Visitor: 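Here it is: the structure, laid out below.
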There are 2 protein chains.
Amino acid sequence: MTAQKVSKRPTIRDVARLARVSPSTVSQVLRGHKGYASRETTERILAAVEELGYRPDAIAQSLVTARTRTIGLIISSITGPLFPQVLSGIEQEARQQEYSVLLICAKDIEQERAAVQIFRDKRVDAVIFMTTSREQPDLAFISQMASEGYPIVVINRPLGDPAIHEIVWDDLAIGRIATEHLIGLGHSRIAHVAGTLGPTGYSYWAAVERLAGYRQALANAGLAVDEQLLIEAGHSSARAFEATDHLLKLAELPTAIFAVDDTVAVGVMNALQRAGYRVPQEISVVGAGGAYDELQTEPPLTTVYMPIKEAGRRAARHVIGAIDGHKSAVPHREVLAPKLRIHGSTGPPPDVQSYH
Amino acid sequence: MTAQKVSKRPTIRDVARLARVSPSTVSQVLRGHKGYASRETTERILAAVEELGYRPDAIAQSLVTARTRTIGLIISSITGPLFPQVLSGIEQEARQQEYSVLLICAKDIEQERAAVQIFRDKRVDAVIFMTTSREQPDLAFISQMASEGYPIVVINRPLGDPAIHEIVWDDLAIGRIATEHLIGLGHSRIAHVAGTLGPTGYSYWAAVERLAGYRQALANAGLAVDEQLLIEAGHSSARAFEATDHLLKLAELPTAIFAVDDTVAVGVMNALQRAGYRVPQEISVVGAGGAYDELQTEPPLTTVYMPIKEAGRRAARHVIGAIDGHKSAVPHREVLAPKLRIHGSTGPPPDVQSYH
DNA sequence: CTGAAAGCGCTTACAG
DNA sequence: CTGAAAGCGCTTACAG
């Protein structure tokens with residue numbers, strides 16, 4: 001009574017029978033291999049394939065070829081801001097090259113290990129890691145995989161293993177570019193609403209680097225860092241909102257704020273608006289990102305853009321190249337350059353006139 | 001010179017040899033099957049498994065069991081607002097039940113077909129569709145799969161095939177609840193910034209339903225619909241911004257706006273702010289969503305929440321149940337109820353006093 | 001309780 | 001140019 005398979009899927013034997021040849025010949029024709037079958041045989045086989053609607057069973061193929069045309073992807077958070085763009089890039093490139101992607105979410109090292117085990121069992125051809133935690137200690141299992149010959153790329157997590165391909169954004173440059181933009185506009189009291197900084201426990205590499213870029217830009221311009229203008233806010237709009245409230249209690253306000261990322265920037269702008277400050281007339285705001293196809297703020301946010309989707313595309317391209325044994329696929333570190341996108345949230349400081 | 005597999009992965013034969021039994025016995029012990037091996041044999045086998053670090057090859061297993069413990073997921077847009085939450089729910093549930101998810105993005109019917117073909121070839125055990133277009137004509141290939149015995153669930157796309165499980169949000173209720181909330185606050189001039197409406201070509205079911213819910217609520221309250229207060233804005237903040245500007249040019253302004261979703265609501269609020277209107281003192285705004293873990297607006301947005309992640313979880317639960325042949329897995333339509341979440345963006349209309 | 005045999009659906013040397 | 005044989009690594013009746 002219940003639904004069931006109407007007819008079994010045809011196998012290569014069915015095709016062979018119908019075309020009156022052996023399965024080997026069918027296989028060879030379909031793979032386009034060696035002793036090219038005669039034109040006649042080929043046509044008969046193709047006709048049989050067509051007639052039966054035959055498609056090779058990928059599982060059976062994998063068993064013998066030891067290739068699955070599948071890439072494993074391990075990410076730490078699906079709902080995080082970077083993930084959709086990265087996945088989108090990976091999936092797009094993979095699909096184009098006739099690979100598919102198997103996805104597992106892993107929140108910590110233990111889950112990462114488990115994911116890797118599943119990927120090994122399912123015989124993926126390569127794995128891409130996009131996990132942002134900075135725990136370094138136990139990452140040996142990644143190196144281990146690489147040494148076994150698995151193509152691997154790690155996105156946004158500096159491992160430092162020369163055998164593993166890394167794709168990273170230049171976070172130092174992001175901090176520098178954002179800050180230099182503000183300096184260029186004439187600002188000298190520039191606050192930074194930072195991400196989760198170390199060194200205790202969980203930390204984000206990017207946050208530390210962007211802060212360093214901020215300091216570097218100030219130093220280059222001969223400006224001192226006022227530590228009061230430095231505030232940690234994690235990576236949420238809500239905490240950024242509070243952090244900004246804090247900044248606004250200072251005796252001497254900043255004239256510009258560099259927010260560690262766009263999400264944080266939204267919180268900053270909301271706090272400014274709530275407190276009655278006009279952006280950018282009284283206070284400028286610059287973010288960093290590229291996560292959102294569309295992040296609408298009023299005024300539109302000036303931001304340092306990172307090519308996130310491109311990172312995904314390159315990751316897929318690299319592992320596929322490695323699977324296919326391309327020479328170009330030797331592991332190294334790819335650094336993606338950020339780019340300033342100026343919109344309405346930044347402008348000269350209110351007292352810029354007095355400088356002239 | 002180049003990296004290569006250090007040692008071949010151990011097979012069931014290696015284990016058998018080491019434990020001095022046959023591969024069949026190893027398999028039976030590992031599966032926990034029938035003629036339970038003697039305690040002694042079992043221990044010897046387990047020890048051998050441990051010593052060699054043996055793990056069964058999932059591909060080989062799949063070939064004989066005709067099960068891959070893999071669910072195929074087809075989505076139309078990775079960067080769309082619903083997707084991350086849905087995927088997160090699916091992946092979480094799947095992982096818990098030891099399934100993995102194979103992901104393919106398909107922008108149109110042709111790509112969907114191709115994706116389905118890949119899934120068939122790779123022998124996924126079930127497929128989940130999360131594709132939002134409303135093209136109905138060619139969806140027969142989905143019914144076809146179902147009739148072949150593939151467990152299938154479709155999220156957010158009313159197919160109307162009783163053989164296919166559907167998970168949908170009650171979009172009509174969303175429109176009704178949002179509007180009733182505003183009516184309850186005393187509003188009578190309520191605008192609606194709608195999504196992409198049909199009937200020409202591409203359209204979103206949800207947008208149409210939410211609009212219907214809006215109309216229904218107004219009708220129930222004995223309020224006439226002022227068609228001037230109805231404006232289509234797609235699903236982007238930017239277009240919502242423009243649409244709102246339009247509304248603000250009306251001779252008689254609305255005192256409240258129901259935005260078809262949260263993204264649109266952001267555009268609406270930005271436009272109001274830009275034009276100098278205070279929310280909610282002068283104009284109230286209500287959205288709908290659940291897409292964002294955190295959507296920060298100032299003031300915080302009142303919204304009709306949809307349990308998006310839950311939809312993903314249920315989709316996975318359903319197909320896995322069906323794969324395992326559970327009786328509970330008969331296809332039907334699951335409707336997820338939305339829930340009003342009141343925050344700061346809605347309040348009584350400015351002239352509410354005059355009603356008393 | 002344990003093992004030999006067959007088979008899942010392919011591909012790949014190797015003969016002829 | 002084509003086919004028989006072996007094998008990929010498992011599981012599943014079936015004997016014993």
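If you're wondering where the values come from, they're calculated on a predicted model, not measured in any experiment. Chain letters run A, B, ... following the sequence lines, proteins first and then strands; every chain starts at 1.
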Visitor: Does Q61(B) place a side-chain N or O at less than 4.0 Å from the phosphate oxygens OP1/OP2 of dT11(D)?
Guide: yes
Visitor: With a 4.5 Å cut-off on side-chain heavy atoms, are I12(B) and P56(B) touching?
Guide: no
Visitor: Both A60(A) and T42(B) contact DNA chain C. Taking the nearest nucleotide for each, which residue is further toward the 5' end?
Guide: T42(B)
Visitor: Rounded to the nearest 0.5 Å, what separates atom CG in D14(B) from atom CZ in R17(B)?
Guide: 5.0 Å
Visitor: Less than 4.0 angstrom between a side-chain N/O of T11(B) and OP1 or OP2 of dG9(D), yes or no?
Guide: no
Visitor: Using a cut-off of strictly less than 4.0 Å, decide whether T25(A) has a side-chain nitrogen or oxygen near OP1 or OP2 of dT2(D).
Guide: no
Visitor: Please report the distance, rounded to the nearest Å, between CD in Q28(A) and C1' in dC10(C).
Guide: 13 Å
Visitor: Would you say dG3(D) has OP1 or OP2 under 4.0 Å from some side-chain N or O of S24(A)?
Guide: no
Visitor: Rounded off to whole Å, could you give me the CD1-to-P distance for the I12(B) and dG3(C) pair?
Guide: 12 Å
Visitor: Select one nucleotide: of dG3(C), dT12(C), dG3(D), the one nearest the side-chain heavy atoms of T65(A).
Guide: dT12(C)
Visitor: Are OP1 or OP2 of dC10(C) and a side-chain N or O of S62(A) less than 4.0 angstrom apart?
Guide: no
Visitor: Is the phosphate of dT11(C) approached by R31(A) (side-chain N or O, under 4.0 Å from OP1 or OP2)?
Guide: yes
Visitor: Going by heavy atoms in the side chains, are P331(B) and I164(B) under 4.5 Å from each other?
Guide: no
Visitor: Do V116(A) and Y150(A) have side chains that get closer than 4.5 Å, going by heavy atoms?
Guide: no
